[in-house]
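One-based numbering, in listed order, for ligands and for the atoms of each. Numbering starts at 1 and runs along the sequence shown.
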Amino acid sequence: MPTRYILIGLAAAIALTLSVVEYQAELRGIRQAAEQAVQVRANLINRYIILMRQNVYALDSTIEDRYLEARRTGSLARELESIRPFVDYDVWGVSGAAGEGGIESLSGTLTGTSVLARRPPELDYELTAVFSAESQFRTLLEHVPEVIWVYYTSLSEFIYIAPDPAVADFRFSDVLYTKEFWSQAEPSVNPEGRQIISDLYDDAYGQGLMISLSSPVVVDGRFLGIASLDLGLGLLRGATGFGEALGESILIDENNRIVARRADFELGETYDVDHREDAWIIDADGTRWRSAIVARDELRLLHRLPRSTLYWNGVRESLLVWAVLFAMLVLVAFSVRLREALAKVTTLMNRDDLTGLLNRRGIQEAYRPLRELALREGRDSALLLLDIDHFKHINDSHGHEVGDQVLSTIADRLQAHVREYDLVCRWGGEEILVFLANGDAEVYRAIAERLRQAVDARPMSSANVQVSVSGGLTLFASDESLVKNLQRADRLLYQAKDSGRNRIVSDLPDV
Ligand SMILES: Nc1nc2c(ncn2[C@@H]2O[C@H](COP(=O)(O)OP(=O)(O)OP(=O)(O)O)[C@@H](O)[C@H]2O)c(=O)[nH]1
């Protein structure tokens with residue numbers, strides 16, 4: 001196989017390998033960015049939930065503390081005096097809402113059954129505790145943008161909820177005890193009294209999708225009620241898209257139901273994926289999944305990276321490197337072709353067209369290294385100048401074309417009878433110069449004679465022409481130029497011509 005194909009093939013193999021390596025690195029980069037984003041987003045959501053849990057816990061503790069204080073001191077909240085019946089709705093209560101005959105000190109609305117009308121002392125302590133936590137209700141509503149509702153629901157059939165809904169729109173009813181915030185948090189299902197994050201639900205009052213954080217209020221081991229916060233999804237939604245990463249993050253609950261994501265979703269929509277933390281999972285569609293735990297085990301952040309998104313972005317990111325590699329490949333192919341063309345041109349410049357022998361320029365370049373070598377090894381080198389005998393006559397009697405054939409045949413015969421490293425050059429019209437190295441006088445004489453005989457051996461060309469050559473053989477004086485050496489060889493050649501032709505005259509010493 002030509003070197004050209006080997007070189008280009010090698011460059012193509014290297015470019016292909018680098019392309020694959022680059023593509024793999026891009027895919028790895030995309031996956032790593034997604035891994036980092038999942039971690040950062042999960043942390044963000046986690047911190048947010050912790051903060052909100054602390055808020056509920058603070059509310060819960062305040063109500064517990066204030067209850068104990070009211071019981072100890074016997075001092076009751078002034079708001080108790082304002083509790084009155086809302087006759088149209090069959091509840092008792094008091095509201096901070098204008099138009100409800102409300103009192104300004106309240107940010108919420110209290111409603112309950114008739115039990116509020118004939119209150120035992122414990123109920124007064126509980127109501128006092130709730131009213132005393134008013135500043136917390138207010139602070140949460142005013143300073144935590146995600147908080148939609150803050151409320152305390154009592155086992156003694158009342159609810160205090162802020163901000164203050166109109167009694168016509170919302171008031172206490174037994175149905176509240178069937179709601180998730182109650183049914184999941186109350187002691188029979190939650191004996192340790194831990195905080196509960198509800199499932200996602202749609203607010204009855206039209207505030208959109210939300211989740212509740214609920215914490216049971218227990219005083220001296222007695223369960224009184226539940227303090228709750230309703231949180232809108234704005235921040236959770238924002239957190240699922242925080243930072244740069246391909247694919248999308250989806251917050252789900254322990255039943256795999258979606259809690260938040262950037263894109264729209266239906267309430268109750270699920271994502272059933274076999275989660276394994278810190279590992280990529282590939283499903284049957286080739287979609288990659290990564291997950292992180294949020295809020296202990298109650299929520300999880302799933303990251304979904306579709307196969308096409310991964311691969312196409314891998315391709316897009318690799319394109320520039322691929323283009324550079326392709327350009328380099330083209331450059332390699334081009335330079336290989338250029339080197340070949342240059343080598344061809346050099347050969348053409350150094351060779352004679354007719355005979356294929358070295359020309360003057362060619363031998364000037366080629367003989368030097370041979371001479372250097374001969375000098376280093378302490379050997380002589382020699383020049384043999386050959387001239388075709390009566391060549392003019394051949395041209396005249398057989399034509400120039402035959403003359404050319406003769407020249408070419410002589411070149412072939414000489415070339416066939418020299419050693420591999422001897423140089424044969426067409427010096428002029430019918431003059432041929434042979435540079436001999438790596439021998440001694442006897443060897444050179446023998447070669448010269450062999451060459452003369454090779455020409456003389458048999459007729460040549462279609463015209464059957466018998467041709468001979470005469471030659472001058474001289475040792476190469478390395479302190480003199482090629483031309484100077486040639487002048488000596490030329491003189492010897494003339495002597496050969498003068499003394500009858502078809503012979504070699506040399507000035508080489510006898511060995
Ligand atoms: N056909 C052909 N003839 C060439 C070429 N180059 C030189 N010649 C001829 O070679 C002849 C050389 O003739 P001369 O120098 O007079 O000498 P000669 O006839 O060879 O006689 P001697 O050298 O004295 O033996 C001329 O007629 C040139 O035209 C060539 O490339 N092709």
Side-chain angles (χ1 to χ4, degrees), residues 344-367 381-418 422-436 444-477 480-508:
K344 227 177 212 165
V345 169
T346 311
T347 307
L348 286 174
M349 279 166 58
N350 290 343
R351 293 268 163 191
D352 170 53
D353 277 350
L354 176 66
T355 60
L357 296 178
L358 290 169
N359 57 20
R360 280 188 184 210
R361 192 191 135 86
I363 197 152
Q364 294 277 10
E365 278 186 22
Y367 89 93
S381 41
L383 277 187
L384 170 63
L385 185 63
L386 295 171
D387 186 284
I388 306 170
D389 296 332
H390 303 303
F391 192 45
K392 183 174 180 326
H393 175 68
I394 294 168
N395 271 331
D396 292 349
S397 47
H398 300 281
H400 211 260
E401 208 167 303
V402 170
D404 279 356
Q405 282 173 18
V406 166
L407 251 175
S408 180
T409 311
I410 289 175
D412 292 346
R413 288 190 189 173
L414 294 178
Q415 199 74 71
H417 285 84
V418 291
D422 294 329
L423 302 174
V424 185
C425 155
R426 186 173 175 200
W427 186 254
E430 83 294 6
E431 274 183 342
I432 292 170
L433 175 65
V434 184
F435 183 87
L436 301 162
Y444 299 147
R445 254 198 300 267
I447 295 173
E449 187 53 28
R450 192 166 75 211
L451 295 180
R452 185 195 64 75
Q453 285 174 13
V455 176
D456 193 34
R458 54 187 192 282
M460 48 186 78
S461 105
S462 48
N464 241 355
V465 188
Q466 183 66 43
V467 186
S468 64
V469 288
S470 302
L473 175 65
T474 183
L475 277 183
F476 194 99
E480 288 177 2
S481 68
L482 182 64
V483 175
K484 262 264 175 318
N485 276 288
L486 260 169
Q487 284 170 357
R488 264 196 335 276
D490 203 35
R491 277 196 295 277
L492 294 166
L493 170 62
Y494 270 94
Q495 285 176 32
K497 292 272 184 189
D498 283 351
S499 53
R501 298 187 168 79
N502 195 15
R503 69 195 60 208
I504 305 294
V505 174
S506 97
D507 63 0
L508 265 53

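Within 4.0 Å of ligand 1, protein heavy atoms come from Asp387, Ile388, Asp389, His390, Phe391, Lys392, Asn395, His400, Gly403, Asp404, Leu407, Arg426, Gly429, Glu430, Lys497, Arg501.
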Just distance, no hydrogens or angles: give the donor-acceptor pairs under 3.5 Å from side chains in residues 396-410, sequence neighbours left out.
| from | atom 1 | to | atom 2 | distance (Å) |
| --- | --- | --- | --- | --- |
| Asp396 | OD2 | Lys392 | NZ | 3.0 |
| Ser397 | OG | His393 | O | 2.6 |
| Thr409 | OG1 | Gln405 | O | 2.7 |

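Of all non-hydrogen atoms in Trp427 and Gln364, the two that sit nearest each other are CH2-NE2, 4.3 Å. Nearest heavy atoms, Glu430 versus Phe391: CB-CD2, 3.4 Å. Taking every heavy atom of both residues into account, Ser506 and Arg445 meet most closely at OG-NH1, 3.9 Å.
For Arg488, the side chain to side chain donor-acceptor pair (under 3.5 Å) partners are Thr474, Glu480, Asn485, not counting sequence neighbours. Phe476 meets the ring-ring contact (aromatic ring centres under 6.0 Å, His included) test with Tyr367, Phe435; sequence neighbours excluded.
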